[in-house]
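Here is the structure we will look at, set down as structure tokens.
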Amino acid sequence: MPISYITRRERFNAAHRLFREELSDEENYNIYGKCSHPNWHGHNFELFVTVKGDIDKKIGYVTNLTNISKLIRELIIDKIDHKNINLDVDFMQGKIASTENLAVAFWEVLIQPIEDLGVKLHCVKIQETENNYVEYYGE
Ligand code: NI
């Protein structure tokens with residue numbers, strides 16, 4: 001049966017700061033650059049969630065993307081949009097608020113609920129700026 005990969009995009013904006021508590025502001029700046037600014041800064045993020053599955057013969061779909069969208073909104077967007085990733089987001093507590101870590105955290109939040117819809121999570125991609133994005137494939 002043909003396998004297809006389908007992707008839903010959702011958007012959110014959020015603030016963060018990349019830093020390690022044990023380091024000075026200057027040391028953090030040397031590692032993280034502008035993203036370590038002590039008074040936070042924000043990005044308009046784009047999140048792409050790709051799922052994989054058989055094309056249902058009768059319906060012609062892998063799954064209804066509305067259901068994927070609903071899950072992403074309930075489990076992620078409602079918690080992170082217009083928030084501070086370091087301070088406000090439960091699944092990011094104790095983690096460095098990098099886009100890499102965000103992608104892994106999103107994966108962990110989504111994997112089971114997406115499987116419950118009968119499809120497989122394939123990729124979580126987060127576009128942080130026009131030029132930078134991160135992909136996570138669960139490895
Ligand atoms: Ni940043």
Side-chain angles (χ1 to χ4, degrees):
M1 224 189 291
I3 287 177
S4 189
Y5 295 78
I6 60 172
T7 301
R8 174 71 192 182
R9 179 188 70 161
E10 299 289 342
R11 289 185 275 197
F12 61 95
N13 64 67
H16 73 165
R17 180 190 175 201
L18 299 183
F19 73 112
R20 282 161 51 199
E21 244 169 85
E22 68 274 21
L23 302 181
S24 69
D25 286 352
E26 201 191 332
E27 288 169 315
N28 276 310
Y29 190 84
N30 288 335
I31 298 172
Y32 300 111
K34 284 195 289 191
C35 272
S36 77
H37 179 62
N39 291 332
W40 322 104
H41 66 280
H43 299 277
N44 292 316
F45 291 91
E46 285 186 292
L47 165 61
F48 299 85
V49 174
T50 303
V51 304
K52 168 188 176 180
D54 294 323
I55 302 172
D56 186 298
K57 266 199 186 139
K58 276 188 210 151
I59 303 169
Y61 271 179
V62 170
T63 188
N64 193 327
L65 277 173
T66 307
N67 296 333
I68 303 289
S69 169
K70 245 177 139 184
L71 274 185
I72 301 168
R73 282 165 177 274
E74 280 171 23
L75 300 171
I76 292 173
I77 305 298
D78 288 352
K79 292 184 175 182
I80 203 166
D81 188 37
H82 287 70
K83 302 275 169 63
N84 181 312
I85 294 169
N86 297 73
L87 302 178
D88 299 322
V89 179
D90 55 0
F91 53 76
M92 289 303 290
Q93 293 309 298
K95 298 174 187 167
I96 292 171
S98 65
T99 308
E100 289 87 335
N101 282 343
L102 209 50
V104 174
F106 288 177
W107 178 280
E108 284 166 357
V109 166
L110 290 172
I111 184 154
Q112 191 58 54
I114 283 190
E115 260 177 37
D116 292 344
L117 292 179
V119 289
K120 269 203 140 178
L121 184 56
H122 175 66
C123 178
V124 169
K125 171 181 162 183
I126 304 172
Q127 185 104 30
E128 185 185 39
T129 69
E130 256 181 73
N131 298 322
N132 299 347
Y133 65 84
V134 166
E135 292 167 301
Y136 183 64
Y137 292 90
E139 291 166 11

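Counting convention: from 1, in listed order, for ligands and their atoms alike. Both backbone and side-chain heavy atoms feed into the values below; hydrogens, waters and symmetry mates do not. Since we're looking at a predicted model, the values are computed, not measured.
For the Ni ion (ligand 1), protein N, O or S atoms closer than 2.8 Å were enumerated as H16 NE2, C35 SG, H41 NE2, H43 NE2, with waters left out.
Judged by distance alone, the side chain of H16 and the main-chain N or O of A97 form a donor-acceptor pair under 3.5 Å.
Using cut-offs of 30° and 60° for the angle between ring planes, the Y5 and H122 rings count as perpendicular.
Geometric assessment of K125 against the ring of F48 yields a positive cation-pi assignment under the 6.0 Å and 45° thresholds.
Among all heavy-atom pairs drawn from N101 and K95, the shortest one is ND2-CB, 4.5 Å.
Between the side chains of Y29 and E27, not a single donor N or O lies within less than 3.5 Å of an accepting N or O.
Using a cut-off of 4.0 Å between Lys/Arg side-chain N and Asp/Glu carboxylate O, R73 and D78 are scored as not salt-bridged.
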